[in-house]
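Okay, structure first, notes after.
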Amino acid sequence: MVSEISESFSKTFKQLIRDIKMQKLDGSYNVAVAVVNLFRDLVLHEKWNTAKDLIFLMKTCGKLLAKELPLQTSAENMIRRMLKIVRDEYTTACNEQQEELDIQESLHKIVTSEEEIDDYSKTVAELKESILDHINEFHMELETSIENITKEAIKHIHTSEIILTIGKSAIVESFLKEAARYRKFDVIVCECSPLKYGQDMAISLSNSKISTTLIADSSMFGIMGRVNKVIIGTHTVMANGGLRAISGTHAVALAAKYYSVPVIVLAGLYKLSSQYLHSHEDNFNQFTSPESVLSYSEGVLTSSVHVYNPMFDYVPPELVTLFISNAGGHAPSYVYRLLSEMYHQDDNDL
Amino acid sequence: MEEKSREEILAERKLRKVAKQAKKKGLPKTQNESQSTENTEIDCARENFDKLKISVASKVEVPPSDSKKFPVSSEVREIRPANVQKSVTAKEEKSTPSTTERKTEEKNNEINSDSGKSKAQLRAERRAKQEAQRALKVQKKNDEKVVEKKEKIPAKVDTKKVSSKVKVIDKVTKSNDHHKIKLFCHLHRNASIEEPNIINSDIHKAVIKLGVQYKNKVIIGSNARVIALLNALKQVLSDHKTPAEKDFSRGFELVLAQIMIFLNNCRSSSVSMINAVKFLKSSLSQLPNNITDHEAQIKLREVIDDYIKEQIDKAGEAICMMVRNKISEDDVILTFGYSSLIERILLESHHVGIKFRVIIVDAGPLYEGKELLRRLVKNKLDCIYVLLSAASYIMKEANKVLLGAHALLTNGYVMSRAGSSQVALIAKSYNVPVLVCCETHKFSERVQTDAFVHNELGDSEQLMEGDKWKNNQYLTPLTLMYEVTPSDLVTAVVTELAILPCTSVPVVLRVKPASSTSL
C-alpha cells in the first residue's frame, strides 16, 4: 500500500513553502523549526502503517521542498534528520528483542554483518509513539542549540580582545552578548555593503553596551592585523567543511588567514548540509536586486553595464579554524563524521 | 588650635578689603607696620601685589592669581591684555602662589621676632590663612569661568570670532571623544588648529582655494592632487615678489613651506605632492643668488611644466604602452576604484583596438569606481560593476588585475586606496596576476608595514548616518582612506622605467634623483 499525502497537509505544506519564499519566515533557524513542526504533524496525522510508508511520504515532501527551496538547506537538512530518526527508531524497535543496538557502526561490524537489507516494511508496535518522542526530543535540541552555542562564549573570548565579525547573524549576536556579560572586549563589524546588515548588527551590539566599531568593507584588510579572532555565522556548512556565508566572508577569511587570525564559525547542527557545493555551481548562489549596487537613478549607465549582487560567498574549509555547534567545537575535517552521525547514507539523495 | 573660626577668617578678609581700598586711594603703604601680624600680612600681600602689578604692566601678561586673593576682578580685567591665553593663566596660577607664600613666610618670621608670638600659633594662623586663600581661589576660578563664558575675552572682532569657533570645535571634539578608537587616536585631526591659519595669513588665494578643494575631496587622486598643486604654485610664483634684501630662492622657499603647512592642515599631503615639492625645492636651491624675480619665475615655471610633462604625463604614456602589451584579446581586466592612470591605460588599449572586458570593483564610502565606470561606458567599453563584497564571486571571471597606487614605499609595500589589498588578496587566492601601475614620482622613501601608523580617516557620516551613532557611546563608525598592500600580494609593478617587482623600489629611488635633477 502506498500512502498519499492528504489534502489538508499538502495545503499547509505549500503554505510553508510560500512563506519561506516570500521571506515571511526568515532565518535558517526559524525555517528548521517550522519544518520539524511540519513533519511532526505528518507523522501524527497522516495515514501510514510501516516505516517504509512513512519514509516514502517524507521523501515525497522532501523532494518537493528541495526543489522549491534549493537554497534553504536547513529545511532539507531537517528532512534528512527526520528520516534518520524514523530509521533509527525502526531499527531500535526491531532489534530490541535480539540484541542491544550498537549505535557506533564499527568497521568490524560493517564487514562481518550479514547482508540483510531491511526495507523497513515490518510492522512494529508503538513505532509512532517512539518516533514522536524522538522528534520532540530533537525539537528540544533544536530549541536549545543557540543557547548551547552561546554557553561556549566565555571559553573563546578573553578580556580586551578585538573580535571581527561580518554582517548580521543572530547566533553571533547572542554569542557576543553572552560573552560581554563576563568580559570586556571590542567588536569590529564589517558593514557588508550593499546589504548593510552590519549596521543592524553594530547597533544591536552597541545597545548591549559592547564597544562596537562599524567599518567599511574596504577597511577590513587594514584592520585585520590587529584583530584577535574572527567570529562569524554562516548560512550553510557544506559536507567538506566549507561555508556558504554572506558575500564578503571569503575576503574576511582570506585576510584572517593572511594575518594568521583564527576564524571561528558558529553554526547549529541544523546548518550542516550533506551537499558538496562551491561558488561555481548553479545551486550555490542567490542574486538579489542590483539596485543597491548601482542605483536606477544612474540612468543610461545602468542599461550598458552588468551589475551583480550575489548573496553568498563560498569559503573553503582550509580557511576555517573551528566550528562551534551545539555539540561542541569541531575542526572542519571532522564535519564528515558529524554528517554520518546525523544523516543516514541512504538519504543523501532524497 | 588647628583651625581658625569663621569669624576670624571673615575678619581677615575685611581687613584685606580695607587694605585694598587704602591702596586705591593711594595711601602710603608703610602706615601701621608694627601692628598685629594680620596687618603686616596685608602689607606684604599688598607689596607682592604691587610688584606683580608692575611686572604685569611691563610684560603685558596675565595677572597672576596671587592678586585674586583680593576680590578685585574689575581691576584684574583692566590689566588683562586682549589676547589672553588660557594656558598662560594656568601656568601663572601654578607658579606664583608658592613664591608669594614663601615670601609671606619670610615676612612672618621677621615679625615673629618682633611681636613674640609662639611658633605654633603662627603656624596655625598661617595654615588658616592658606586655607582661606585656597577657598577664595576656588571661588574666584568659578567666578572667572562664568565671566569668560559670558563676555569672552575682549579682543579684536575677527580673533574673537575665531576663538569662539575654536571653542565650539573644542566642545564638539570633547563630546565626540568616546567615538575615537584607541588604535586610531593619533589619526584624528585636531580641527581647532587649522581654522585660524587662514585668517590674517598671507597665503595666496589660489592655494586657499586648493586647500578647500582638497579638504572637501573635490580634488582626489594623487595625480590630480599634484597637478593641481603645481598649477596653483605657478600662480603663486607669478604673484610672488621677493622682499628687499632677500634672495629669491630663500623667500620663495619660505612661502612654499607655509603653503605646504596650510595644505597639510586641510588634508595630509599625498606622497606625490611631497615629492613634487621636494623636487621644486631642490631646483630652487640651484638658482643663482643674483637672479632677478622675473628670470627666476620663468625658470621655475619651466621646471614645473617639465615636471608635469615628464614625470606625470610621459610616465603615464610609457606605462600605458607597457600595459597595453600585456592585455591580449578577450581579456577580462579587473580593477578597483578609480585611478587616472588605469583609466588612461584602459581607454588607450581600447582605442588601439584590443577587445577586452573590464570588471570594476568598487567600495564605499567614496565609490570612486562609479566615475571610472561612467567614463569607460562613455567610450563603449564592456563593463561589469560590482561592490567589494562580491569581488570573490566575480574574481573567477577575471584574468588580470590592474590596480592604481597612491605611493610605493621603500619596503616594497604598495600604499593605495583602502580595499585594494583585499582585491589583491582575493586575486592571489584565485591565481590571478596583480599588476600595480605607478609612476616613479609616487615612489616614497617612507617605510610602513601596516595601515595604522600613517593613514587618513574617512568621513564616518558617509558610512552611517550620524543620528544612529552620535548618541550611542558604544558605537563608532570607522573608515580608513588608505591601506598598504604587502608586496607578496602584488605580482609586479609597472613603472615608466620597466615592469619591476615591488621590492625594486629602493633601487629606483637610488637611481632617480640623478635623473630628475638633470631636467
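For clarity, every value in this text was computed on a predicted model and none was experimentally measured. Protein chains get the first letters and strands the later ones, always in sequence-line order, with residue 1 at the start of each.
Using modelled atom types and a 3.5 Å distance limit, the side chains of B:Y474 and A:D186 yield no donor-acceptor pair. There is no side-chain donor-acceptor pair under 3.5 Å between B:S389 and A:D217.
A:M224 CE to B:S421 OG: the interatomic distance, rounded to the nearest 0.5 Å, is 12.0 Å. Put simply, CD on A:Q199 and CH2 on B:W469 are 12.0 Å apart, with the number rounded to the nearest 0.5 Å. Here the straight-line distance linking atom NZ of B:K468 with atom CG of A:D200 works out to 7.0 Å at 0.5 Å rounding. A distance of 12.5 Å separates CD1 of A:I215 from OG1 of B:T476, quoted to the nearest 0.5 Å. The distance from atom OG of A:S219 to atom CG of B:L463, rounded to the nearest 0.5 Å, is 8.0 Å. Atom CE of residue A:M220 and atom CG of residue B:L480 lie 12.0 Å apart, to the nearest 0.5 angstrom.
Per-residue counts of heavy-atom pairs under 4.5 Å with chain B were compared for A:I203, A:I188, A:I246; the largest is that of A:I203. Taking B:D362, B:I384, B:D382, B:L376 one by one and counting their heavy-atom pairs under 4.5 Å with chain A, the maximum is reached by B:I384. Among the candidates A:C190, A:A202, A:C192, A:P290, the residue making the largest number of heavy-atom pairs closer than 4.5 Å to chain B is A:A202. With chain A as partner, the option from B:G458, B:A391, B:C383, B:G364 having the largest number of non-hydrogen pairs under 4.5 angstrom is B:C383. The residue among A:R226, A:H250, A:K257 with the most heavy atom pairs within less than 4.5 Å of chain B is A:R226. Counting heavy-atom pairs closer than 4.5 Å to chain A, the top residue among B:G337, B:S392, B:A451 is B:S392.
Neither the backbone nor the side chain of B:V423 comes within less than 4.5 Å of any heavy atom in chain A. Heavy atoms of B:Y482 lying under 4.5 Å from chain A are absent altogether. Heavy atoms closer than 4.5 Å to chain A are found nowhere in B:I360, neither backbone nor side chain. Only the side chain of B:A363 comes within contact range of chain A, with heavy atoms under 4.5 Å apart. Of the atoms belonging to A:Y258, it is side-chain heavy atoms, and not backbone ones, that fall under 4.5 Å from chain B. If you measure heavy-atom distances from A:E191 to chain B, the contacts under 4.5 Å come from the side chain alone. Residue A:I210 touches chain B through its backbone alone, counting heavy-atom pairs closer than 4.5 Å. Using a 4.5 Å cut-off between heavy atoms, A:I162 touches chain B through its side chain atoms alone.
Contact check for A:V305 versus B:L373: side-chain heavy atoms found under the 4.5 Å cut-off. Counting only heavy atoms from C-beta outward, the side chains of B:L475 and A:L205 never approach each other to under 4.5 Å. Under the 4.5 Å side-chain criterion, counting only non-hydrogen atoms from C-beta, A:H306 is not in contact with B:Y385. The shortest side-chain heavy-atom distance between A:L254 and B:Q422 does not fall under the 4.5 Å cut-off. The shortest distance between side-chain heavy atoms of B:K370 and A:L294 falls below 4.5 Å. With contacts defined as side-chain heavy-atom distances shorter than 4.5 Å, the pair A:S218/B:L388 qualifies.
Heavy-atom minimum distance, B:F452 versus A:G222: CE1-O, 3.0 Å. Considering every non-hydrogen atom in both A:P194 and B:L387, the closest pair reads CB-CD1, 3.5 Å. Of all heavy-atom pairs spanning A:E298 and B:R374, the tightest one is OE1-NH2, 3.0 Å. Nearest heavy atom pair, residue A:I223 against residue B:L478, reads CD1-CD2, 3.4 Å. Between A:A251 and B:L425, the closest heavy-atom pair is O-CD2, 4.2 Å.
Here B:Y393 and A:F287 bring their ring centres to under 6.0 angstrom of each other.
The number of heavy-atom neighbours closer than 6.0 Å to NZ of B:K378, taken from other residues, nucleotides and ligands shown, is 12 or below. The 12-atom threshold is exceeded at NZ of B:K396, counting heavy atoms of other residues, nucleotides or ligands nearer than 6.0 Å.
Listed in order of number, the residues of residues 309-324 of chain A that approach chain B to under 4.5 Å between heavy atoms are A:P310, A:D313. Residues of residues 170-183 of chain A lying under 4.5 angstrom from chain B, judged on non-hydrogen atoms, do not exist here.
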